[in-house]
2 protein chains.
Amino acid sequence: MQDLTLVMAQLDPMVGDIAGNTAAAIEAVREARIEHDADVVVFSELFLTGYPPEDLLLREAMESRLQDALTEMARKIGKVAPETLVVVGYPGMRHGERCNLAGVLLGGEWRGEYAKQALPNYQVFDEDRYFEPGSEPLVIEHRGARFGILICEDLWDGAPVRQSSEAGADILVTLNASPFHLDKPAERERLFAGRAREVDKPLVYVNAIGGQDELVFDGGSLVLDAAGEVAVRAPFWQVGLMPVRFTREAGNWKPQPGEREPLLGAEENLYCALVTGLRDYVNKSGFKGVVMGLSGGIDSSLSLAIAVDALGPDRVHAVMMPYHYTAEISQADAAEQAKMLGVGYEVMPIAPMVEAFTETLAESFSELAADTTEENLQSRVRGVLLMAISNKKGLMVQTTGNKSEMAVGYATLYGDMVGGYNALKDVYKTWVYRLANWRNAQEPAIPERVITRPPSAELAPDQQDSDSLPGYDVLDAILERYIEGDMSAESIIEAGFERDDVYQVVKLVDRNEYKRRQAPVGVRVTLRGFGRDRRYPIVNGWQPGS
Amino acid sequence: MQDLTLVMAQLDPMVGDIAGNTAAAIEAVREARIEHDADVVVFSELFLTGYPPEDLLLREAMESRLQDALTEMARKIGKVAPETLVVVGYPGMRHGERCNLAGVLLGGEWRGEYAKQALPNYQVFDEDRYFEPGSEPLVIEHRGARFGILICEDLWDGAPVRQSSEAGADILVTLNASPFHLDKPAERERLFAGRAREVDKPLVYVNAIGGQDELVFDGGSLVLDAAGEVAVRAPFWQVGLMPVRFTREAGNWKPQPGEREPLLGAEENLYCALVTGLRDYVNKSGFKGVVMGLSGGIDSSLSLAIAVDALGPDRVHAVMMPYHYTAEISQADAAEQAKMLGVGYEVMPIAPMVEAFTETLAESFSELAADTTEENLQSRVRGVLLMAISNKKGLMVQTTGNKSEMAVGYATLYGDMVGGYNALKDVYKTWVYRLANWRNAQEPAIPERVITRPPSAELAPDQQDSDSLPGYDVLDAILERYIEGDMSAESIIEAGFERDDVYQVVKLVDRNEYKRRQAPVGVRVTLRGFGRDRRYPIVNGWQPGS
């Protein structure tokens, strides 16, 4: 009986840091050899540059840096693991065209390169901007097994899978950088099982881990047998090397059942995505920690819990900035949560600044009635305070607005939108509640009253969010249909929503693109996030209707 | 002798406003018929949606709205100009795939559709995100002439030009939405002349006009004869209908020489681009006008002149917001310019707000030295004042930072970067001076002392920009090589720049992507602007070097 060990290297590369990623790859191969006697080590897509490298791909020095990296990998891995087949992703030039490649290294020599054939150029993807598609399969034999190399979208497309199988692959090995969204893990397994069955071959799926600007990768690398059953599933949201044993029986290579980490529930999965996204953004950017405004409301409370889970309480600083409209219970709840979680906490009343602005503007505004200008002023004073603390102490301001608010523009530009990163950017308000409840069920992190009291921006006396917006259950249901479903206003009404609500919401979404364009990044977790995933004109004459 | 009149409709569609653009097209055909006896009317690329419609193309209702528009055009134009051949651009479905189309209308019926073959997906373009390429030529005969229809990139690519010629075209008719950059008009004419000569056919180039977010279209529609000579050149930066007469001689159709508007000098061209971009952004967004901070420095002075030229003085409001470091001459020059140009002008000293913030933050900052935090605070107080005026009076804040500053992050996020639109966003500081001098040479608009004194942000005592940055001539030369040329730091040093300067600048550019990501839009006028033209990761481990 023949057998071999394949190790899936589920790691978190840093975009642009080719030297660092190369060193991590070499170290991972060494460890896979020592710990697991690896015959094959597989990395994720574009591992050496990180994913997505965006316009760094156009830099003059990119190609020579990658050539240096490949030379170094061959030299060093050739010494520490000369009999291990290594498959790693990187961009490179083939016949004068840039391709998304998977290189195969053995015994100190690069033995082949596969060029990705199916290039995604929709949703968050821009691969046609950078790459030309390959057309040929690559099947590499090692230890008696023929490995058919494929990259990410090739698997979704399907044709390259059949091509690789027809070219004689025994085991399909796929390198991936598959951005997370909420339904993706289950969707992925269904699709991959179908592919494995279609060609009657086992399939190895190696995914990346970690956050990169607005994308986050969830890991969950997989090995499926030829019947589409999961033999091995690596953990989600965790880097590591995951070995799988293949044995040859009756001429076919079969993966031996190994560790199968469970699929996560929706709330846990989403919460982990937000924690991972924030942690990587802060750490990879080199910030000491974060500072955030804590209002006693649910968004900032959940954001604080996420920050503490991502960075630890010592790296999180909260500031309560009360004004006349801030309820006593808001101040009490904010203080209580800060104490619960053990974070730094300051109180800075904003009245002196608001008054100074109001006096300065009095003459210019003398004949004009009070309106949202005065509300925005409070919010902006808070933004200026947070930015001053950020500048002085090297802490990144964490923004706390949710997707429902960002969608309808219920947020103040340069006020509560101030910040480097927004963990809740792609989280609807109804999901904010679900996450808060889920998090508290693990271990209390948010005072219950914050969750149960009616939401208010507290920018005017007795203000409640429901004064100016439909209830969040209705709002989110309309938003999901409009943003993720691209449904027209009339179609949403036909689906059972009130005409006035639908038109109000849809108009607000269209009108507030200018705010979203200046919003901080945050991780995308739905089928369509605001950012590279939804590219809308600011100047826009589109009118809602049928 | 046969002859015919073709009218180039060089218009400014509104993105998303299909009904409005359709009405404008119908009216243009009617006018072309009445005023010029047009036999053929040609519009620009994607005229009915405006260019670029971005993800509006994915909306459920897009296809049905366009079908309604095409039906209405056929019905109405069929009545007012039944013998006029109309060629207009719009997106549409062909065999289940979305294509970038040019439809041909005659006698109330749509006679054919051409699908763009060459889809640009680089620089500012994302056409692969939306469109599938066509493969077939379209040659339509009318009044004895065979018109070969092509769209924009087809002309740059070349192959579709040859294909159309081989399919029997007498006259090449191209629909374009060709975003402006500084060297484009001359580059365009050289290339088109080559194409005309290559196939020995006259060529009609109809371009759009106007600003759309970060793109601006300059018009300058053209007719070249088969020898590549310009027969007719429409004005730049101006909407209108431009007729050209074709006659058939010895079997060949020749354009008769007509109006040939001159190519503009670089300064004038760039200045017009900035004025057009700002005007369209403000007007198409429905703002009453703009408000801006006037500092007595060159950037805000030039921005004020642009605003007045774009909108007229009555729609422009300037605010001087002095602090302890604001020089007397800055205040005098700001007041003088406001008077020169006849704009609204207010003075709002910022000391009361700065002091209120300083006192509030004193305890938190008690052990920490003064640094740029205090400078940013001044800038942010100004931002809050401008936004309050904006909110209260319905004026858009016009931001005034130039490209050199945005590149190296010499700007305060939520401070002087506050605003809806930045006319100078893609204008290097050295060009700011060139434009100021050019504008003053037409008619004085900027006090001379503003141009001649050394630039300073005036955020600290006796501060000058040159304290922390290389001189602007050196800075801009490095930036151009790094940003537009994608040159590495070492290559720039080899080209003759100081090592320290190059590394300082390059690191600053890389490090400040986060600021640019939250910056207002502004028109792109160079070969690579910040925005959709340069897509960089914020979290970025790329290190400068060779």
Side-chain angles (χ1 to χ4, degrees), chain A residues 14-17 20 54-56 58-61 121-122 128-129 212-213 281 284-285 346 348 352-353 356-357 359-361 364-365 368 371-373 376-377 380 383-385 387-389 391-392 414 418 420 486-488 491 514 517-518 520-521 534-542 545-546, chain B residues 14-17 20 54-56 58-61 121-122 128-129 212-213 281 284-285 346 348 352-353 356-357 359-361 364-365 368 371-373 376-377 380 383-385 387-389 391-392 414 418 420 486-488 491 514 517-518 520-521 534-542 545-546:
Chain A
M14 168 86 169
V15 161
D17 183 11
E54 303 190 71
D55 281 6
L56 287 174
L58 310 180
R59 292 226 67 85
E60 183 194 20
N121 203 67
Y122 52 86
D128 285 343
R129 181 173 172 89
Q212 170 60 29
D213 291 353
Y281 190 87
K284 290 179 176 177
S285 301
E346 280 178 287
M348 292 187 179
M353 284 77 72
F357 277 111
E359 280 165 31
T360 295
L361 290 161
S364 186
F365 290 1
L368 302 165
D371 54 17
T372 53
T373 305
N376 288 332
L377 196 53
R380 292 197 176 110
V384 174
L385 285 172
M387 286 307 297
I389 297 169
N391 290 163
K392 189 65 93 184
Y414 324 124
V418 150
D486 272 324
M487 286 171 68
S488 70
S491 295
Y514 77 100
R517 202 67 80 83
Q518 294 188 31
V521 291
R534 188 177 191 270
R535 306 181 189 179
Y536 262 64
I538 301 179
V539 168
N540 182 359
W542 183 265
S546 56
Chain B
M14 168 86 168
V15 162
D17 183 11
E54 303 191 71
D55 281 7
L56 286 175
L58 310 180
R59 293 226 67 85
E60 184 194 20
N121 203 68
Y122 53 85
D128 284 344
R129 182 174 172 88
Q212 171 59 30
D213 292 353
Y281 190 86
K284 290 179 176 177
S285 300
E346 279 179 286
M348 292 189 181
M353 284 76 73
F357 277 111
E359 280 165 30
T360 295
L361 290 161
S364 185
F365 290 0
L368 301 166
D371 54 16
T372 52
T373 304
N376 288 332
L377 197 53
R380 292 198 177 110
V384 174
L385 285 172
M387 285 306 297
I389 297 169
N391 290 164
K392 189 66 89 185
Y414 323 124
V418 151
D486 272 325
M487 286 171 68
S488 70
S491 295
Y514 76 101
R517 202 68 80 84
Q518 294 188 30
V521 292
R534 187 176 190 271
R535 304 179 191 182
Y536 262 65
I538 301 178
V539 168
N540 182 358
W542 183 265
S546 55

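Letters go in sequence order (proteins before strands), and every chain restarts at 1.
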Next on the checklist: Minimum heavy-atom separation for A:Pro352 and B:Thr360, please, with both atom names.
Outcome noted: CG-OG1, 4.4 Å
Next on the checklist: Quick one, B:Ile538 and A:Tyr281 - any side-chain contact, counting heavy atoms below 4.5 Å?
Outcome noted: yes
Checklist entry - What residue, out of B:Ser364, B:Gly20, B:Gly420, has the most heavy-atom pairs lying under 4.5 Å from chain A? => result B:Ser364
Next on the checklist: Does either side chain, that of B:Asn376 or that of A:Asn391, offer a donor lying less than 3.5 Å from an acceptor on the other one?
Outcome noted: yes
Item to check | side chain to side chain contact (heavy atoms under 4.5 Å, CB included) evaluation trace for A:Trp542 with B:Asp17 | outcome: CA-CA 5 Å; A:Trp542 183 265; B:Asp17 183 11; over 6 Å; no
Next on the checklist: Is B:Leu385 close to chain A through its backbone or its side chain, or both, or neither, when contacts mean heavy atoms under 4.5 Å?
Outcome noted: both
Item to check | Region of A:Ser546 that comes under 4.5 Å of a non-hydrogen atom in chain B | outcome: backbone
Checklist entry - Once you round to the nearest 0.5 Å, how far does CD of A:Glu60 lie from OG of B:Ser491? => result 3.5 Å
Checklist entry - Are the side chains of B:Leu361 and A:Met348 in touch, meaning some heavy atoms are under 4.5 Å apart? => result yes
Next on the checklist: Is any side-chain heavy atom of A:Asp213 closer than 4.5 Å to one of B:Arg517?
Outcome noted: yes
Next on the checklist: If you count heavy-atom pairs within less than 4.5 Å of chain A, which of B:Leu368, B:Val418, B:Val521 leads?
Outcome noted: B:Val418
Checklist entry - Between B:Arg535 and A:Asp55, is there a salt bridge with N-O shorter than 4.0 Å? => result no
Item to check | Non-hydrogen atoms of A:Asn540 and B:Gly16 that approach each other most closely | outcome: OD1-CA, 4.1 Å
Checklist entry - Considering all heavy atoms of both residues, which atom of B:Gln212 and which atom of A:Pro537 are nearest to each other, and what is their separation? => result NE2-CB, 3.4 Å
Checklist entry - Is the closest side-chain heavy-atom distance between A:Val384 and B:Tyr414 below 4.5 Å? => result no
Next on the checklist: Only pairs of heavy atoms separated by less than 4.5 Å count here; which of A:Met14, A:Arg129, A:Met353 has the most with chain B?
Outcome noted: A:Arg129
Next on the checklist: Quick check for you: to the nearest 0.5 Å, what is the distance between A:Leu58 atom CG and B:Tyr536 atom OH?
Outcome noted: 6.5 Å
Item to check | Parallel, tilted or perpendicular: ring planes of B:Phe357 versus A:Phe357, cut at 30 and 60 degrees | outcome: perpendicular
Checklist entry - How about B:Lys392 and A:Phe365: do any of their side-chain heavy atoms sit closer than 4.5 Å? => result yes
Checklist entry - Heavy-atom distance under 4.5 Å to chain B: side chain of A:Met387, backbone, both or neither? => result both
Item to check | Full working for side chain to side chain contact (heavy atoms under 4.5 Å, CB included) between A:Val15 and B:Val539 | outcome: CA-CA 7 Å; A:Val15 161; B:Val539 168; 5.7 Å; no
Checklist entry - Are the side chains of B:Ser488 and A:Arg59 in touch, meaning some heavy atoms are under 4.5 Å apart? => result no
